[in-house]
Amino acid sequence: MSTPTTNKPVADKNDKKAAKDIEQIRMLRNFGVIAHIDAGKTTFSERILFITGKSHKIGEVHEGQATMDYLAEERERGITITSAATSCQWRDYTMSLIDTPGHVDFTVEVERSLRVLDGAVGVFCAVAGVQPQSETVWRQANRYKVPRIAFVNKMDRTGADFYKAVESMKTRLHANPVPLVMPIGREKEFAGVVDLIKMKAFTWADDNARSVTEGAIPAELQADAEQRRAQMIEAVAEFHDPLLEKWVEGEEVTNEEIMIAIRNGTLALKITPAFCGSAFKDKGVQNVLDAIVDYLPSPLDVPPIEGTNPESGDKVVYELLPSQPFAGLVFKTINDPNGDLTFIRIYTGVMNQGEKYYNGRTRRFERVGRLMRMHAAQREPLEAARAGDIVAVVGIKEAFTGDTLSTRENPVVYEAMDFPDTVISMSIEPKSSGDRDKLSTIIGKLVREDPTFKAVTDEQTGQMVISGMGELHLEVKTNTIQNEHKIPVTVGRPKVAYRMTLTAEKNVEARHIKQSGGSGQFAVAKVKFSPNLDEGVTEDLVFIDSIKGGSVPREYIPAIENGIEAAIKGGGRTGFPYCKVKAELWDGQSHDVDSSVMAFEAAGVLAFRMASEGNSTLLEPLMKIEIECPEEKTGDVIGDLSSRRGVIEEMVSKPGGISAVTGKVPLAEMFQYSTSLRSLTQGRGTYSMEPASYEAVPPNIAAKILEDLGGK
């Protein structure tokens, strides 16, 4: 059984500086905290800052005083809206921590944070286990191949069950959690944990949970602890050959061998070490801090990131060291009155204050005015930053999320990030016409800092229309415009971002032929269109070139694809863009003199219009929803959800007389749902939603929607 290897550059033995650089980077840990809303991420982050000595007063979320929730909107609502970065020290290791939001409307913050982080801590509620947004952030971490540690929080709550939460990670996340601790007591009696590696009991003082007492395992727990330790060793043995050999032979294993196996398995994304505690009571956070150091990767433990030379198109791979040419990825921008902040993860080389760096996308230089390390809203000035660092820069003008900065001599562009399409929109206009230009400027800045926030001007009405990921998302943006930028605005009722697709297969012959003196236009394209409804399809258009014999010259085929793509995005008469379309170009005609790229592009547009005429289906976004409510109110909640065209998928009972109802429901039916749910459950119900899929709107409802829009 082979042990997973990690990228470990070897320095010249005589090069003390290189060796020191490598050691410095090995002592870095860049990680994020991810979870469902209200699982305790920000509370957990606050405890880390306090325990590591970064802050001297604990900021409580429920009091609106959390250090990491520094925006007025966050403190007022008691939720995290924007990811906040900070750094601290633990066991001589330097940690860069990003606290991310849990609400699906702000999932972009999780997406771009995970793109630049080396590891993550997933926080789960010991009562609820894995919740809907937990699944979303876990999938995002899977996509970016981020090693994780799990912390099961709120162990002192009624109904808390560590092993049930761990089991839900297996069933709902398809993860492989391996408990490294065993709780001592539960709910109000939760008093400590057994460390299954050291086989010691760690208990907390009643009046000060940061005072930890190490001792022998209570006699009544000894047998259970030994059994769980054996299960842990069995789960990790394959990740370290010496441990596997000893385990097979029945020999005694060392703690160091177990820890090496756990680290190897974690870095290989094969296991997730699991811990438990209560962040609010300061219990168990120290265990996770140790685990971050012991099991999560340093920047040197992840493979070198692959880039592309924007001029030559060649692949570029640098070792993640300060001695390499500089390259860093912009992963976030923040509009700030003292100068916009641009957050950069430095992968290679050194960034110096005052120097200019090359943006491979814009082909222009950006000057670093001021360089800083962030502690939430506070700033620590830096002269230089090195490979592995996460820093903020003032002075960047044109770079935005996903851009790469490098040197002109060694240009590189790293893969940009993909963000989900917006699902909701509404009109916005200033109450005073004199504020119109000012509003456009502010919205432009908000669009630049948030890739999931869009703004366009409706050509027919002249109104500005903003789009986002949900009602809360747009509400926060409009509040920012009114409260921070002092522009009173009027907003329209939210509208759903409908899409269209083709109903059935259709073969068309598009003839774009014009002759009006001089050179004419001639292009004929024969295209077979069909709906592309296979599961997992994400592309709006799949174009297939089946031309044989040169009936359409090769140089014109991309023009046909461009024309079809433009027609799909345009949306035809309804204005709703099309998606999940397959187009196969199988024949056509050209003219030696009159054919051109422009003519074939026009033929592509015409082909799709012919295919979609009377052959279109309206699609609407469906949301995955989970509602928690008192058991006696479950019937009312299900009845209300059914009246909103919702489909119930599962209903389970939870401790404390709570029912959890999961299902899918059209977004169009869910505006102001929080008010309705409060009314139905006497204020005791909660819910969370996330985008699930686009599905066909029932014909009678589709007809009414299109009629209201003047469509046919």
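Numbering of residues begins at 1 and proceeds along the displayed sequence. Just so it is clear, the structure is predicted and the values come from calculations on it, not from any experiment.
- No side-chain donor-acceptor contact under 3.5 Å links Y414 and R345.
- For the residue pair F202 and I184, the shortest heavy atom distance occurs at O-CD1, 4.5 Å.
- No side-chain donor-acceptor contact under 3.5 Å links Q131 and R172.
- For the atom pair CG (N264) and CD (E238), the distance works out to 11.0 Å, reported to the nearest 0.5 Å.
- Here the side chains of I627 and T634 are not in contact, with every heavy-atom distance at 4.5 Å or above.
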*Check step by step if side-chain contact (heavy atoms from CB on, under 4.5 Å) holds for M372 and L382.*
CA-CA 5 Å; M372 295 162 291; L382 298 172; 5.7 Å; no
*Any chance you could lay out the side-chain contact (heavy atoms from CB on, under 4.5 Å) test for M182 and D224, step after step, and finish with the verdict?*
CA-CA 9 Å; M182 184 180 88; D224 192 15; 3.7 Å; yes
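- Exactly one residue among P297, S96, P147 makes a side-chain contact (heavy atoms from CB on, under 4.5 Å) with D118. That residue is P297.
- Stacking of R263 on the aromatic ring of F239 is not recorded, the 6.0 Å distance cut-off and the 45° axial limit not both being met.
- Between the side chains of W90 and D290, at least one donor N or O lies within less than 3.5 Å of an accepting N or O.
- Residue-environment remark: CD (E226) exceeds the threshold of 12 foreign heavy atoms within 6.0 Å.
- Of all heavy-atom pairs between I149 and I292, the closest is CD1-N, 3.7 Å.
- Annotation: side chain of E626 is not in contact with side chain of V661 (no heavy-atom distance under 4.5 Å).
- In terms of modelled atom types and a separation under 3.5 Å, the side chain of R47 and the main chain of A279 share a donor-acceptor contact.
- Formation of a donor-acceptor pair under 3.5 Å by the D156 side chain with backbone atoms of K281 is not found in this model.
- The main-chain N or O of E380 is never found under 3.5 Å from a side-chain atom of R373 such that the two would form a donor-acceptor pair.
- Residues R91 and M27 approach most closely at O-CE, 4.5 Å, considering heavy atoms.
- Between D389 and L28 the shortest side-chain heavy-atom distance falls below 4.5 Å.
- Counted by atom type alone, T401 and R112 present one or more donor-acceptor pairs between their side chains at under 3.5 Å.
- Residues T158 and V127 fail the side-chain proximity criterion, which asks for heavy atoms closer than 4.5 Å.
- T348 and E319 form no side-chain donor-acceptor contact under 3.5 Å, judged by distance and modelled atom types alone.
- Inter-residue side-chain proximity for F190 and F162 is flagged as unmet; no heavy-atom pair is nearer than 4.5 Å.
- Among all heavy-atom pairs drawn from M623 and P691, the shortest one is CE-N, 3.6 Å.
- Here K198 does not pair with E214 in a salt bridge; the nearest charged N to carboxylate O distance is not below 4.0 Å.
- The closest donor-acceptor contact from the side chain of S659 to the backbone of S653 lies at 3.5 Å or more, if one exists at all.
- Ion pairing of K624 with E135 is present here, as a side-chain N (NZ or NE/NH1/NH2) and a carboxylate O approach within less than 4.0 Å.
- Contact detail for T272 and A150: the closest heavy-atom pair is CG2-N, 3.7 Å.
- Across H240, E251, E257, a single residue satisfies side-chain hydrogen bond (donor to acceptor under 3.5 Å, both in side chains) together with K246, and that is E257.
- Not a single donor-acceptor pair under 3.5 Å links the side chain of N30 to the backbone N or O of V116.
- With no hydrogens or angles considered, no side-chain donor-acceptor pair links Q324 and Y347 at under 3.5 Å.
- Atom CD of E189 sits in a sparse spot, with 12 or fewer heavy atoms from other residues, nucleotides or ligands closer than 6.0 Å.
- Within the 4.5 Å cutoff, the side chain of L269 has heavy atoms near those of the R148 side chain.
- T254 has its side chain out of reach of M259: every pair of non-hydrogen atoms, C-beta onward, lies at least 4.5 Å apart.
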*Step by step, work out the salt bridge (charged side-chain N to carboxylate O under 4.0 Å, His left out) result for K200 and D195.*
CA-CA 5 Å; K200 295 284 186 180; D195 185 322; over 6 Å; no
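- The two residues S134 and L173 come nearest to each other via the heavy atoms O-CD2, 4.1 Å.
- In this structure the side chain of C276 never reaches within 4.5 angstrom of the side chain of F151, judged on heavy atoms.
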